[in-house]
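Each ligand, and each atom within it, is numbered from 1 in the order the structure gives.
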Amino acid sequence: SRCNSSWSDNKFSMFIHYGLYSQLGGVWMGKPIEQGYSEQILSFGVHFSDWYEEVANDFRPEKWNPDSICNLAKDAGMRSVVMTAKHHDGFCMYNTSTTDYNVVKTSPLHRDPLMELSKACKKNGLNFGIYFSLIDWHFPAAMPISSHNADSITPAHHEYNLKQVRELLTNYGPVSELWFDMGSLTPEQSKELYHLVHSLQPECRVSGRLGNGYHDFSVMADNQLPDVPYLYPWQTAASIYPETWGYRSWQKHIPIKDKVNEKIRDLVKVVARGGNYLLNIGAKGDGSVVQYEQAVLRGVGSWLAFFGDA
Ligand code: JFZ
């Protein structure tokens with residue numbers, strides 16, 4: 001085993017989208033919301049932050065089991081796990097002093113899913129990474145829900161992000177990668193966040209989506225590969241289904257063996273070209289992992305295991 005090796009040794013990693021949207025599973029007021037990804041149901045189906053906020057009262061990560069998630073990752077042949085600490089909905093899946101809109105405060109269980117996962121990763125010899133959305137559809141001083149990924153960041157919102165990133169890199173042990181996602185930052189904002197990460201954790205790798213050239217690895221468009229050999233560190237993030245990253249209760253499934261073959265092909269292409277393949281699961285609201293997704297990951301893992309301990 002390769003305990004706490006560097007980011008470039010990960011090769012194959014698990015992405016987890018887990019948040020309030022997982023509780024809705026792509027359904028609002030009894031209606032499947034077909035537009036957009038299910039983790040963005042606030043903007044496509046719910047529309048109002050104060051309605052969405054109420055979901056927090058029912059959110060109970062009672063089947064969140066980071067040890068079994070780590071075992072699933074290891075069975076798949078993965079060497080790291082990256083989880084959503086905060087998605088565009090602004091709900092924090094970790095203990096933060098910056099807002100009460102966080103799982104430890106609102107949920108009757110008062111658990112910190114991110115903390116539990118970081119400890120389980122350490123115990124299981126897996127690298128641990130954090131996804132952090134730069135845009136926030138809940139923070140009052142941020143831009144309103146509008147153009148999704150292209151919103152710019154107000155000065156107050158930027159300060160808020162800086163504080164949260166500081167917490168994440170101070171309280172959650174070694175972080176192998178900080179997966180910043182979306183927003184149109186000024187070069188100064190990107191630079192400040194980039195240097196904050198490295199001042200707190202020099203080994204932590206920063207994703208390309210921080211913008212303005214401040215990154216340690218490039219992120220290809222979803223499910224895409226570079227068409228020329230790439231000398232700079234890079235990653236392909238992939239979802240099991242193209243339609244969503246967050247849990248969608250009414251998702252249709254193609255036969256498992258076909259999906260396993262598709263993911264093995266992509267994994268081999270990415271790793272053969274020197275990239276990191278970050279394959280996503282969308283946890284359910286209670287924190288459990290969809291059976292189909294478990295089967296797909298284990299299917300890829302048994303193919304890898306056929307060649308011995310990868
Ligand atoms: C972003 C998020 O908006 C989305 O909800 C999910 O978390 C995903 C992993 O990241 O969506 C993107 C961002 C960039 C591209 C595609 C989806 N892209 O460059 O192809």
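Between Y37 and ligand 1, no pair of N/O atoms sits closer than 3.5 Å. Not a single N or O atom of W245, backbone or side chain, sits closer than 3.5 Å to an N or O atom of ligand 1. Taking any N or O of E39, backbone or side chain, at least one lies under 3.5 Å from an N or O belonging to ligand 1.
A ring-ring contact (aromatic ring centres under 6.0 Å, His included) with Y18 is found for exactly one of F91, Y131, Y94, F59, namely F59.
Every atom of ligand 1 with a heavy atom of A221 under 4.0 Å away is listed here by number and element: 18 (N), 19 (O), 20 (O). Those atoms of ligand 1 that come under 4.0 Å of a heavy atom in Q40, given as number and element, are 2 (C), 3 (O), 4 (C), 5 (O). Heavy-atom contacts of H17 reach the following atoms of ligand 1: 6 (C), 7 (O), 9 (C) (cutoff under 4.0 Å). Close approach to Y131 involves these atoms of ligand 1, each under 4.0 Å from a residue heavy atom: 7 (O). Less than 4.0 angstrom separates some heavy atom of H87 from each of these atoms of ligand 1: 4 (C), 5 (O), 6 (C), 7 (O).
With a 4.0 Å heavy-atom cut-off, ligand 1 is reached by no atom of V219.
Every residue was checked against the side-chain hydrogen bond (donor to acceptor under 3.5 Å, both in side chains) condition with Y277, not counting sequence neighbours, and none meets it.
Ligand 1 lies within reach of R209, whose nearest heavy atom is under 4.0 Å from it.
Note: S184 OG to Q189 CD = 10.0 Å, rounded to the nearest 0.5 Å. Rounding to the nearest 0.5 Å gives a distance of 10.0 Å between CG of D216 and CD of E203.
Annotation for W234 and W7: closest pair O-CH2, 3.6 Å, computed over non-hydrogen atoms. Among all heavy-atom pairs drawn from I135 and H88, the shortest one is CG1-ND1, 3.6 Å. Minimum interatomic distance between I33 and I41 (heavy atoms only, all atoms of both residues): CG1-CD1, 3.9 Å.
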